[in-house]
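Since we're looking at a predicted model, the values are computed, not measured. Numbered from 1 within each chain, the chains take letters A, B, ... in sequence-line order.
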Number of protein chains: 2
Amino acid sequence: MPTQMTQSDGAGAPEEAAKPQRADALRNRARVLEAAESVFAAEGISVPVDVIAEKAGVGVGTLYRHFPTKEKLFEAILVGRITEIAEEARARAGADDPGAAFFGFLAHVVEESASKRDLIQALLGAGVEIEMAVADCKKNLEAAVAELLAVAQRAGAVRPDVTPAVVLAVVSATCMAADHHPGAGTGDILQIVCDGLRPPAPPATGPERRA
Amino acid sequence: MPTQMTQSDGAGAPEEAAKPQRADALRNRARVLEAAESVFAAEGISVPVDVIAEKAGVGVGTLYRHFPTKEKLFEAILVGRITEIAEEARARAGADDPGAAFFGFLAHVVEESASKRDLIQALLGAGVEIEMAVADCKKNLEAAVAELLAVAQRAGAVRPDVTPAVVLAVVSATCMAADHHPGAGTGDILQIVCDGLRPPAPPATGPERRA
DNA sequence: TGACAAACGGAGCTATCGTTCCGTATAGTC
DNA sequence: GACTATACGGAACGATAGCTCCGTTTGTCA
């Protein structure tokens, strides 16, 4: 449960004093977050809020006191998830073997995101309005991936013409494909994508690559 | 507009005599289908039926007389689209250059499906109950792709370990990624996938491929 | 042209879901 | 233990969207 947020942070107001919350309020907030995380992951973003509230063991009123809208709740979870992935990328950026670090990262993300419908849908953009908070978060992720990618490219492990945007696109696509085509093994798809990201073999002979 | 269907075919009853429909009924049916096709493609499957009816220039009542549910209407369109793709695969299966035929097919599908939200969502399975009719259709598509793939593999243009299911998964993933990550060029993503599908360079030297 | 079955249109019914409101319960404090 | 601000619960409201119903229109056939 990495997702945390300061409940009400209005945009412009320079409010500072985070007044202490009551113990039960804190507890319930955490419960809602936890319940939402699992329910969204399992069912996607279209589950009714009632379901989340019930799973959390609170009333809908309580849910709405902590998160002003369903979308905000989802956003909170999303920001947590994406931030986590970005941290993972940063953590791997300094590894000894840049190639292994890069491809390991891809595998990690795919594995982690498999069966997380909500994340997938969000990355996909299906039916979700991209909020500013999430957009910023994505920028952060893209920056982290850019670094990891650059190192791997410098080491010759990844094609030089690949951009961070392409990496993100390809990764989310792999997650989606894996989730919805159970017939095709996740590993097989990932393998294809990874090999496609590698440079076309040093001096080269093989069949015409790159049109 | 390849989508066609015999309006009411009950499951078990061996009814044969397709009683002739009135001219306006036929016309309206076609209009609904056409409108639905473009609206679904543009907005996804969540558009209200009213929108489709309006675009078709008919009332919702008329829409529902031709298609018992919104889902059935969508299904009709889907079946048409998927069948078309399957035919494309079959048409290319006998080409001179199996490799070019195979990769050309992938490019064709991606290009054709770009900007077709509904198809993508359906391939994804997001929020759509897979109906029998569509499932059959998918089987047909998979068979067609299997043939095209087999020929290409025999010619050494595609990895031998790739299965039809993987190809479909990878293609739909590419469509989705291209649609939702405008930052990453469709061509770039397709390139990566295609190269990943190719065999790992004849005798080989390059960096370790295939774990 | 008249008659009738077939088809149409769209108001409105129903179910669902996000959100609000307010009476009740409780954590924290003296 | 009493008091109060804080938080809770869940009934109810409003909006939306799928679908139905029935009075009206129209194609077809003689």
Side-chain angles (χ1 to χ4, degrees), chain A residues 5-8 15 17-36 39-40 42-77 118 121 126-129 131, chain B residues 5-8 15 17-36 39-40 42-77 118 121 126-129 131:
Chain A
M5 255 190 126
T6 24
Q7 180 173 353
S8 58
E15 45 184 308
K19 46 193 163 188
Q21 283 186 299
R22 249 167 60 173
D24 55 346
L26 247 49
R27 191 172 55 243
N28 280 330
R29 186 188 155 81
R31 276 187 188 161
V32 169
L33 223 29
E34 185 176 5
V39 171
F40 276 143
E43 318 268 349
I45 50 186
S46 59
V47 292
V49 285
D50 313 37
V51 174
I52 297 171
E54 192 183 12
K55 171 129 186 173
V58 304
V60 282
T62 299
L63 188 153
Y64 274 97
R65 190 158 318 91
H66 289 295
F67 303 92
T69 66
K70 181 186 178 184
E71 211 176 76
K72 285 282 180 196
L73 170 58
F74 182 57
E75 199 180 297
I77 290 171
D118 57 340
Q121 284 181 296
V128 196
E129 269 310 299
E131 285 291 325
Chain B
M5 254 188 127
T6 25
Q7 179 175 354
S8 59
E15 46 184 309
K19 47 194 165 189
Q21 284 186 300
R22 248 169 59 175
D24 55 345
L26 247 49
R27 190 171 56 242
N28 281 330
R29 185 188 156 81
R31 277 186 187 161
V32 168
L33 224 29
E34 186 176 4
V39 172
F40 276 142
E43 318 267 351
I45 50 184
S46 59
V47 291
V49 285
D50 314 34
V51 174
I52 296 170
E54 194 183 10
K55 171 129 187 173
V58 304
V60 282
T62 298
L63 187 153
Y64 275 98
R65 189 157 320 92
H66 290 295
F67 303 92
T69 66
K70 181 185 178 185
E71 210 175 75
K72 286 283 179 194
L73 169 58
F74 182 56
E75 201 181 298
I77 290 171
D118 57 340
Q121 284 180 294
V128 196
E129 271 308 300
E131 284 290 327

- Mapping A:Val60 and B:Asp50 onto DNA chain C by nearest heavy atom, which one lands closer to the 5' end? B:Asp50
- Message: So A:Val51, base contact, sugar-phosphate only, or nothing? Heavy-atom distance under 4.0 Å.
- Response: nothing
- Task: Answer yes or no: does a side-chain N or O of B:Asn28 lie under 4.0 Å from OP1 or OP2 of C:dA7?
- Result: no
- Item | Rounded interatomic separation in angstrom, taking CG from A:Leu26 and P from C:dT26 | 19 Å
- Note: for B:Ala23 and B:Pro48 on DNA chain D, the residue whose nearest nucleotide lies more 5' is B:Pro48
- Find the distance between CG (B:Asn28) and CZ (B:Arg22) and round it off to the nearest 0.5 Å. 10.0 Å
- Query: Out of D:dT20, D:dC8, C:dA6, which has the shortest distance to the side chain of B:Tyr64?
  - Reply: D:dT20
- Message: What is the separation between atom CZ on A:Arg27 and atom C1' on C:dT26, rounded to the nearest whole Å?
- Response: 11 Å
- Message: Side chain of B:Asp24 only, heavy atoms from C-beta on: which candidate in D:dC8, C:dA7, C:dG9 is closest?
- Response: C:dA7
- Task: Would you kindly compare B:Arg22 and B:Thr62 by the position of their nearest DNA chain C nucleotide and give the one closer to the 5′ end?
- Result: B:Arg22
- Query: What's the CD-P distance between B:Glu43 and D:dA17, to the nearest Å?
  - Reply: 12 Å
- Does a nitrogen or oxygen in the side chain of B:His66 sit under 4.0 Å from OP1 or OP2 of C:dC8? yes
- Rounded to whole Å, CD of B:Glu54 lies from P of D:dG18 at a distance of 14 Å
- Message: Given C:dG9, D:dA7, C:dC17, identify the nucleotide with an atom nearest to the side chain of B:Arg65.
- Response: C:dG9
- Query: Looking only at heavy atoms, which two atoms of A:Val58 and A:Leu63 are closest? And how far apart?
  - Reply: CG2-N, 4.5 Å
- Just how far is it from atom CG of B:Asp24 to atom CZ of B:Arg31, taken to the nearest 0.5 Å? 9.5 Å
- Message: Whole angstroms only, please: what is the CZ-P distance between B:Arg29 and C:dC8?
- Response: 11 Å
- Message: Any non-hydrogen side-chain atom of A:Arg29 less than 4.5 Å from a side-chain atom of A:Val32?
- Response: no
- Message: On a heavy-atom basis, which atom in A:Lys70 and which in A:Ser46 lie closest, and how many Å separate them?
- Response: NZ-C, 3.8 Å
- For the pair made of CZ in B:Phe74 and P in D:dA17, what is the distance, rounded to whole Å? 17 Å
- Task: Figure out the NZ/C1' separation between B:Lys70 and D:dT20, and round it to whole Å.
- Result: 17 Å
- Message: Without decimals, in angstroms, what is the distance between A:Ile52 CD1 and C:dC17 C1'?
- Response: 12 Å
